[in-house]
Amino acid sequence: MADIADTDTRISRRFFLKGAGAGVAVTSLGALGFGGIEAAYADSIRPFKLLGTTITRNTCTYCSVACGILIYSKGDITKGEKAEVKHIEGDVDHPTNRGTLCPKGAALLDFVHAKTRLEYPMVRRPGSDKFERVTWDYALDRIARLLKDDRDKNFIEKNAAGVTVNRWVSSGFLAASATTNETAFCTFKVVRSMGMLMFDNQARV
Amino acid sequence: MTNSWTDIKNTDLAIIMGGNAAEAHPCGFKWVTEAKANRGARLIVVDPRYTRSAAVADYYAPIRQGTDIAFLLGLINWLMANNKVQWEYVKSFTNAPYLVQEGFGYQDGLFTGYDEVKRDYDRSTWNYELGPDGYVISDETLEHPRCVWSLLKQHVAQYTPELVSRITGTPKDKFLKVCEMVGECSAPDKTMTSMYALGWTQHSKGSQNIRTMAMIQLILGNIGVRGGGMNALRGHSNIQGLTDMGLMSNLLPGYLTLPFETEPTFEKYMSTRGYKPLRPDQTSYWQNYKSFFVSFQKSMWGAAATAENDWSYDWLPKLDVAYDIIRAFNLMFEGKVNGYVCQGFNPLLAFPNRAKCTAALSKLKFLVTIDPLQTETSRFWENHGPHNDVDTASIQTEVFQLPSTCFAEDDGSLTNSGRWLQWHWAASTPPGEAQRDTWILGQLFTRIRDLYRQEGGAFPDPIVNLNWSYEDPDYPTADELAKEINGSALEDLTDPADATKVTLAKGKQVPSFAALRDDGKTACGCWIYSGCFTEAGNQMARRDNADPDDTGIYSKWTWSWPVNRRILYNRASADVKGDPWDRTRKLLWWEGSKWTGFDVPDIAPTAKPGVVGPFIMNEEGTGRLFVRGMMRDGPFPVHYEPFEAPIANLIAPKIRGNPASRVFKYDWEQFGDVAEFPYVATSYRLTEHFHYWTKHAQINASLQPEFFVEIGEELAKEKNIPNGSWVRVWSKRGSVEAVALVTKRIRPMLCDGKVQHVIGMPLHWGFIGETKKGYGPNSLTPVVGDANSETPEFKAWLVNVEPITGPTPVA
Amino acid sequence: MSERYEIDPSDEVHVGERVTVDRYTKAARLNHWLTAACLVLLAISGLAMFHPDLFFLSALFGGGQNTRAIHPWIGVVLFFSFGGLFLRFWRLNLWRPEDGTWMRRLYDVLINKEDNLPELGKYNAGQKIVFWGMSLLILILIVTGLAIWNQYFSEYTTVEQKRYALILHSAAAVTIICVWIVHVYAAIWVKGTFSAMIQGYVTGGWAWKHHRKWLKALVSGKHVDDGKAAPAPAPAGKPGQAAAE
Amino acid sequence: MTTFEYELPNPQTEDVKTVFGQQDLIRRSASTIEPPARQLTPMAKLIDVSKCIGCKACQAACLEWNDKRAPVGENVGTYTIPPDLSPQMFTLMRFTEWINPETDNLEWLIRKDGCMHCADPGCLKACPAPGAIVQYSNGIVDFDHERCIGCGYCVAGCPFNIPRISKTDHRAYKCTLCSDRMAIGQGPACAKSCPTHAIVFGTKAEMTEHAETRIKDLKSRGYQNAGLYDPPGVGGTHVMYVLQHADKPEIYADLPNNPVISPVVNLWKGAAKYAGLAAMAGMVAFGVLHRFVEGPNRVTPKDEEEAKQLTEDPRS
């Protein structure tokens, strides 16, 4: 599914040539290669920074207008390469936003590259004043153990009246609302299969 | 949204009330601008503050926060009194003619059946009068004193323009001007769209705020038509999807509901979910509930869910009470919760009464956060001076902070407010060891399941039998999950008329929820999403932006639920005979033998006009001006003041807040009153920021760097607060320090003869990120939710304010 | 002579086969040449920014950026350096009655008919005009220069003030360059002048011819080294001594 | 899909063609150039203040596209943040709360400030560095930072107070009209991002025409003085505004009523430039002439003798 060209029957190939006037001889930068950029451009025009980047279609992560965005990355993850986001801009082919973005969307790049992005699993021990880096295995094993122990200890199979209720209300789970529907369903299955009732998402607020 | 963002371009009048679309949804708001520029549409903004939406409005009217219902009931009163009613629509497409049973009544702000101790109603009298055939009795003349229309007329009569103005603070002339502008849209070829958001939901009567406007839209004939509808702008990118998917304390996917312990058996559970039509020949789509439910159970537990074990009905937990977040944090505060997982959520800043939140989190044994970013919640134990003044050493909570990917590093679908499911693709390698949520959940689940397999434990059945047939159980992919959500045939499905004819072979994806079965032969994770990933491929990834006739429908762009329908109740866009109300804005019409048009009909394609009502999800087939016992706080809306209000409720002075709202004892004691806290505060977003996320993004931080409160010039003068100076704002629950932004955009209002000053408090600051450290409104807000949804009352509470020389220095 | 002419205490007449007169101390000469160097550099860098046809001059400073950066700093040096000159010379540059006469007979000056001119002190009116002109122009240049020195002072003036500062600065700069041309040409024209600023002394004849009153005052004021007196504990490196034959 | 009027395309990353360049310059600071062989269609950005919601998307897009980041400052009691244009912030929403004296209604006037790309650019006129400021025949006035010397003359030259000099790299910065995007046939980042299409971009003729429809709409909503801001004093601009109250542009955060290049700048960069050179040349010429006509002024042996006599005079 990652091959967007397949699903994309109407990718915009329009060029805003009007501005140059008719009959203008154009120079192909691609043909000149990167070394030619400076030569191809007027001295006073900065090189076009997106040359050679990979375009990926995505949706803005913020509000529910769900603007279509284009992510320009150095490297192509569909080819197994390491990819880094260089620029994000609105997708003009998207019916809702028509290429526009709000100040949040226009600055998505800084969300992706925020200094406060998390990179490693961390734990803060009881009473401690700092996070310590741990392995995923450690973190996941420990969380699985904590959840299971609590469930085993506090699971309610029958209520006071003897009715089967099979609920677990001593632990809770908050789902966010920027994850995908697929993540949501995965989350739903895990949480509800354990009998957890204290389960909400941002919509509640 | 009943309609879509792009449909707003078809409107004649946009009314933004209970929201601030220009500021919170700029790219969606463009369709208002387009309607204005291309159709000559008008824009009305009703808000306590002159917002960025108001800046481009044709008409702005101020309103005191928390009084929207009085305003809107007054508007209904005016429409009825001035014959601004779309009569054919009201008579045919709403329940206006139906009789309500005897015994139903309303007096002094309360309906029949109120129990003051329980703060709840016995709602049995809130119902129609049914005939011996089981169908509702109707008076087409609308003259019967017990018909819904008569009762409504009587109910709204007291909301005169004078009273509305006394309650809301909206000057009478401005209120009347809004009435006139709205009234014009009662013409069948004029439509109004209502755009709202958390300005309506975050009240102790949030659901009724919305309902009141929905009633107006029914009276004006604006539901189901192009350029009309009730359009919830919604906040987060997939808040719609997570709700659709049932990630709520009381829900299952597709708005199926979790059983209560009063429904111990599947039979009992289904007995209240039959949804028998209340009108002859009416389609009542929820009659398919069992097919949806059984298919859901099959997707959860596969072969383990059988007819014999009632499709594993016992494996679903049974509710005793609602475990919404307000109760969850109250239980946590009482020390009754041990573990909590926050999958990308920041409750420390998002839930009311921050001090209580901190105390609650501190009582947890363990807290897990899964997020792309550091959050205040994951660092609630860390001392940040006045911005998070905690005793770190005394907090015994073990906290895990797990790094997840963000949008740029993940595949999958998001559901927007217009119900479009849009697929997106990963573009980037995640930073460090960050992992996708499905990997984290897969890993966690298989570990827990293995522990149950190895060592047993409390009721392992639903866990060890959970259908988890992913190629890599530790890492379900988005495609696998999407197919599971869509649903598939577990066995060959055959034509009901001809058992030899296979309509869908085993293992194939179902084309839509119409194929779902109640006999266990189909599985479907979320019935309303059925059709999103069929044998024809991933419909959510479609990218054909063709729009025949320029309707704004875009039916080939991705996919929308249900069954790719873009405007809900679209049958109502045509009159009783099936002709469009407005020929210039056709949507759906009857073509002799079937419905046709630009959108997928929201009715059986061959359902004859005049037989089947357009609202097929209601047993009545009509829109509900009177909702029977389905809302906890009344079948009609009533004006209730916020729990912290500057004046008494003018229609029922003894009632504080919404009488049906649940309030915990601790929280009730934390309410302040007007003598101590004379100003009304409200919280909101600013366009430069998205909640507590963009304070991590440098650009956004630079565009709106520091926490401030907005104060009108009059109050600033009275309190001697120069623009840009520092103030302290406090409520019964906490205190914050902020820069004062003194503005002309907030003006005092006259409510019941008293001058009311509004203090505005934006919500984007915390103690982590690129912005300067600040506070959120939740440091001050009360803990009380909407009677129906438990959404906290963030939009109206009481505070006091004083100038200070500067912020408390950080030690 | 009823009027007592002020003399610079460091000036001294050296008697001998060829009379020489100390005119500038080493410190004064260093001060002068520093100022002169600054002025020349300022003129070049300033002209580079004044007229496009002269922009090539910026190459001398390593490009436009360097030119722009260094110009104001040189200006600061010039200001203080010239300040030194000012303190040294202002007294002897005060206007005197004979200066008026000299000015009125400027044509005689130009045609080298010095016989018609009054006896002059250390400076003639032309030199004094150069001195005061430079003083005034440098004051204007420093004040306007600070106003347009964006790197440090852009916040202190409005754009409108900057515009006036720029035109004033340009006008003052053009004027000071003109004054400088006069100054330099005068030194070229009047032979024997350079040695005053190079070796520090002039010949007795030069003093006699151009600044007779000054010479006479030195002589009458006993500012004379006739070689008979014990070597005075004069400041080290007094040029007159080394040059005395 | 019906395309939006003046919709801007998505940037492509391969087979990118340049549509204009150095050969299309009509002015080059401190230089004389050959007139270009062709005339590009004049382009313009139209900012419809009546559609602007002040969301600052243009500011964010501008920072992101140009790889600039403005510092995180303070709130000083205004939505205008950062408080001014800066070497990082090429465009700025300026917010004014204005009570309309005729209606007594509050109007929140939000104007996107930034380079107007004047047809007669004062910055270019003032610039002393050859080629540091250039003007293309399509109307873009662009700064070439490699050639900029940081003198700040452009600041004085600009009638709109737009350029800002960086304190770190000492170069002048302002809106480039995204010349790098335009060079390959795209529109400016701000116009692409603007959620309400308050900023649109196209040929100047189209923009003028579009403005007319907007003005008509505004007049139908009671703004009798709605109009286009395309000030003739600077030869017209390639960034224009639709104003609700075009009769008083100054209420929009001091938008100049009739901007012209300051007469002081004109004098400085016109007559003064030549007069100055002439004066200096005149001085030199006079010296040379004098030298030839009158020759040097020499000390004669007689003078030396006189001096000797004077110093040897026993009276001394």
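Letters A, B, ... mirror the listed sequences (proteins, then strands); counts begin at 1.
Looking at C:Arg23 and C:Asp11, no side-chain N of the basic residue comes within less than 4.0 Å of a carboxylate O on the acidic one, giving no salt bridge.
With a 4.5 Å cut-off on non-hydrogen atoms, C:Ile188 touches chain D through its backbone and its side chain both. Neither the backbone nor the side chain of D:Pro263 comes within contact range of chain C; no heavy atom of the residue lies under 4.5 Å from a heavy atom of that chain. Residue D:Lys273 touches chain C through both its backbone and its side chain, counting heavy-atom pairs closer than 4.5 Å. Within the 4.5 angstrom heavy-atom criterion, atoms from both the backbone and the side chain of C:Leu110 approach chain D. Both the backbone and the side chain of C:Val190 come within contact range of chain D, judged by heavy atoms closer than 4.5 Å. Both the backbone and the side chain of C:Leu166 come within less than 4.5 Å of a heavy atom of chain D. Residue contact with chain C, scored on non-hydrogen atoms closer than 4.5 Å, is absent for D:Lys302. Residue contact with chain C, scored on non-hydrogen atoms closer than 4.5 Å, is absent for D:Asp84. Heavy atoms of C:Tyr164 lying under 4.5 Å from chain D belong to its backbone as well as its side chain. For a residue to count as touching a neighbouring chain, one of its non-hydrogen atoms must lie under 4.5 Å from one of that chain's; by this rule C:His210 touches chain D with the side chain only. Only the side chain of C:Ile181 comes within less than 4.5 Å of a heavy atom in chain D; its backbone stays farther off. The part of C:Glu114 that comes within reach of chain D is its side chain, from C-beta onward, which places non-hydrogen atoms under 4.5 angstrom from that chain. Both the backbone and the side chain of C:Thr203 come within less than 4.5 Å of a heavy atom in chain D. With a 4.5 Å cut-off on non-hydrogen atoms, D:Cys127 does not touch chain C at all.
Using modelled atom types, one finds no donor on one side chain facing an acceptor on the other under 3.5 Å when comparing D:Ser137 with D:Asp24. Using a 3.5 Å distance cut-off with no hydrogens or angles, the side chains of D:Ser29 and D:Lys125 do not pair a donor with an acceptor. In this structure, a donor-acceptor pair under 3.5 Å is present between the side chains of D:Arg164 and D:Asn161.
Among C:Thr175, C:Leu215, C:Val21, the residue making the largest number of heavy-atom pairs under 4.5 Å with chain D is C:Leu215. Residue with the most contacts toward chain C among D:Val293, D:Thr32, D:Val288, D:Leu277: D:Leu277 (heavy-atom pairs, distance under 4.5 Å). For the set C:Asn150, C:Val13, C:Leu54, C:Asn66, the entry with the most heavy-atom pairs within less than 4.5 Å of chain D is C:Asn150. Your options are D:Pro130, D:Gly152, D:Ala279, D:Ala129, and the one with the most heavy-atom pairs under 4.5 Å with chain C is D:Pro130. For the set C:Ala48, C:Gly63, C:Ala186, C:Gly64, the entry with the most heavy-atom pairs within less than 4.5 Å of chain D is C:Gly64. In terms of heavy-atom pairs under 4.5 Å with chain D, the best-connected choice from C:His51, C:Arg163, C:Glu160, C:Gln65 is C:Gln65.
Annotation: cation-pi geometry not satisfied between D:Arg298 and C:Trp206 (NZ/CZ under 6.0 angstrom from ring centroid, within 45° of ring axis). Cation-pi geometry between C:Lys122 and C:Tyr24 is satisfied (NZ or CZ under 6.0 Å from the ring centre, within 45° of the ring normal). Judged by the 6.0 Å distance and 45° axis criteria, D:Lys174 is positioned over the aromatic ring of D:Phe143.
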Report task. Run the numbers on D:Asp142 and D:Thr176 for side-chain hydrogen bond (donor to acceptor under 3.5 Å, both in side chains), then give the verdict. Result -> CA-CA 5 Å; D:Asp142 204 3; D:Thr176 69; 4.6 Å; no
Requested in this report: Please lay out, stage by stage, how D:Arg171 and D:Glu146 fare under the test salt bridge (charged side-chain N to carboxylate O under 4.0 Å, His left out).
Outcome: CA-CA 9 Å; D:Arg171 286 163 214 276; D:Glu146 289 305 306; 5.5 Å; no
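Remark: the backbone N or O of D:Tyr252 is paired with a side-chain donor or acceptor of D:Arg111 at under 3.5 angstrom. A donor-acceptor pair under 3.5 Å links the side-chain atoms of D:His145 to the main chain of D:Ala172, judged by distance alone.
Ring geometry for C:Tyr123 versus C:His211: interplanar angle over 60°, hence perpendicular rather than tilted (30 to 60°).
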